[in-house]
There are 2 protein chains.
Amino acid sequence: MSIETELVETIFKNLTFTFEEKQLLAQSFKKLNLPKHSLLLEAGQQVYDQYFVADGCLRTYYIDPEGKEHTVQFAIEDWWISDYTAFFSSSKAVMNIECIQDAILFKISKEDMELLYLKIPKLESFFRKKMERAFASFQKRIISNLAQSASERYLSFVNFYPNIEQNVKNYHIASYLGITTQSLSRIRKELVKG
Amino acid sequence: MSIETELVETIFKNLTFTFEEKQLLAQSFKKLNLPKHSLLLEAGQQVYDQYFVADGCLRTYYIDPEGKEHTVQFAIEDWWISDYTAFFSSSKAVMNIECIQDAILFKISKEDMELLYLKIPKLESFFRKKMERAFASFQKRIISNLAQSASERYLSFVNFYPNIEQNVKNYHIASYLGITTQSLSRIRKELVKG
DNA sequence: TTGATTTATTACCATAGGTCAATTTTTTTG
DNA sequence: CAAAAAAATTGACCTATGGTAATAAATCAA
């Protein structure tokens, strides 16, 4: 399958493009195979790209001054991932991105992105809507962090990411929920009992 | 001052418009005076609009099943506010929005917004960038909630919203930080002692 | 397959922050 | 300005979650 077809069929499912537009897309995106355990991005690096996950699983995490990891986001098939704060402002990453399950990605640079917006205006709509959904889901997460107990957050997580639980380590989930692995263990035990 | 001029000078400071575009903007936005303590939006209501804050202070909060309030966002001069999850998906509000200090707002409906995007494409860029910044700031908040203690979060808050602290009640800040007013009191006492 | 390494569980104690209730301070209203 | 209402503080006690450490289970690599 040509990369043009692949892009159009995986990333931009609901859009139609002219031949020239497809060419342009194919030139802007690069396909990437990423093995499990590899780091896609490290804190301190300049962030040029964002990545579409065609297959596999990754996570974005922040390492605090005490060295503890905090998972900000998981990304599976059909999600986008980057250190967006850095990507948007063309600055250095605060976060790390790790590949949790062998992944296939399509990457595009911010620069190419801006050019595409100019040349294919419908992409601006497409990405604005994507941002809106991402924003809404972050907002839900903030509410969940404020209003729910650890075990409620765990249940929300399992419900929201049903396909992820198998792929990730307990300490990934714990660091996403903002608790220790020990607490997660206890919570699960309680839930089985309860 | 005409509403056209007002809009262009307050909301869209860095953009230039043709006469017709300004007309269109003026027709799409409505100016609103909102007194302190009034509710701009209540959970359960259909969300049609988003609001630009020209002056004053508002907050978005969620009321959990136990009746506790959780402040998701403050908005002062130059910020936008709405229940964005509901606004984007044209659904019912989960959040409430309360006016904390007498406010002057400009509101625009989602419908008019989408029309404007079609007629004035540069607005799509403008709002995409706004979304990007909002997204980045939510991401920071998530990290802060995961990685920081209550007193660290309080210091970050004071630092990030230096002008808001005077305007809001302690219980607003506490509910933003995810703690009780009692804890906030204790934290402040500790910080003064040093 | 087996030993080595990584990950998960459990137990015990410590602590940040919550709850309830009383009191003081601040703000609002007539 | 005084009385009433709202907000903030404080204290005593409680609970959820954290930290440390030991053990068990699972995964990986030779």
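This one's a predicted model, so the numbers in the text were calculated from it and none came from an experiment. Chain letters run A, B, ... following the sequence lines, proteins first, then strands; residues in each count from 1.
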Between [atom2] of [N] and [atom1] of [X], the distance in whole Å:
X        : N      : atom1 : atom2 : answer
B/Glu190 : D/dG11 : CD    : P     : 12 Å
A/Glu152 : D/dT17 : CD    : C1'   : 15 Å
B/Ile100 : D/dA6  : CD1   : P     : 17 Å
A/Tyr171 : C/dA8  : OH    : P     : 7 Å

*asked:* Under 4.5 Å between side-chain heavy atoms, counting indirect links through other Ile/Leu/Val/Met/Phe/Trp/Tyr residues: same cluster for A/Leu155 and A/Leu184 or not?
replied: yes
*Can B/Ile173 be reached from B/Tyr171 by stepping across I, L, V, M, F, W or Y side chains whose heavy atoms are under 4.5 Å apart?*
no
_Is the shortest side-chain heavy-atom distance between A/Lys140 and A/Phe160 below 4.5 Å?_
no
*When the ring planes of B/Phe12 and B/Trp80 are compared, do they come out parallel, tilted or perpendicular, using 30° and 60° as the limits?*
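Judged by the thresholds at 30° and 60°, the geometry between B/Phe12 and B/Trp80 is tilted.
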*How would nucleotides 11-30 of chain C be written as a contact map, 5' to 3', with B for base contact, S for sugar-phosphate-only contact and - for no contact, using protein heavy atoms under 4.0 Å?*
BB----SBBBB------S--
*At how many degrees, to 10°, do the end axes of the helix from C/dT1-D/dA30 to C/dG30-D/dC1 meet when each uses five pairs?*
60°
*Kindly indicate whether a cation-pi arrangement holds for A/Arg141 with A/Tyr176, taking the cut-offs as under 6.0 Å to the six-membered ring centre and within 45° of the axis.*
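The answer is yes; both the distance and angle limits are met.
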*Under 4.0 angstrom between B/Asn170 side-chain N/O and D/dT9 OP1 or OP2*: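 So the side-chain polar atoms of B/Asn170 do come within 4.0 Å of the phosphate oxygens OP1 or OP2 of D/dT9, strictly under.
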*SB check A/Arg128 A/Glu132 (cutoff 4.0 Å)*: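 A salt bridge is present here (some side-chain N lies under 4.0 Å from a carboxylate O).
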*For the residue pair B/Gly44 and B/Lys92, what are the closest heavy atoms and their distance?*
O-CD, 2.9 Å
*Any sub-3.5 Å donor-acceptor pair from A/Lys122's side-chain atoms to A/Thr16's backbone N or O?*
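Present.
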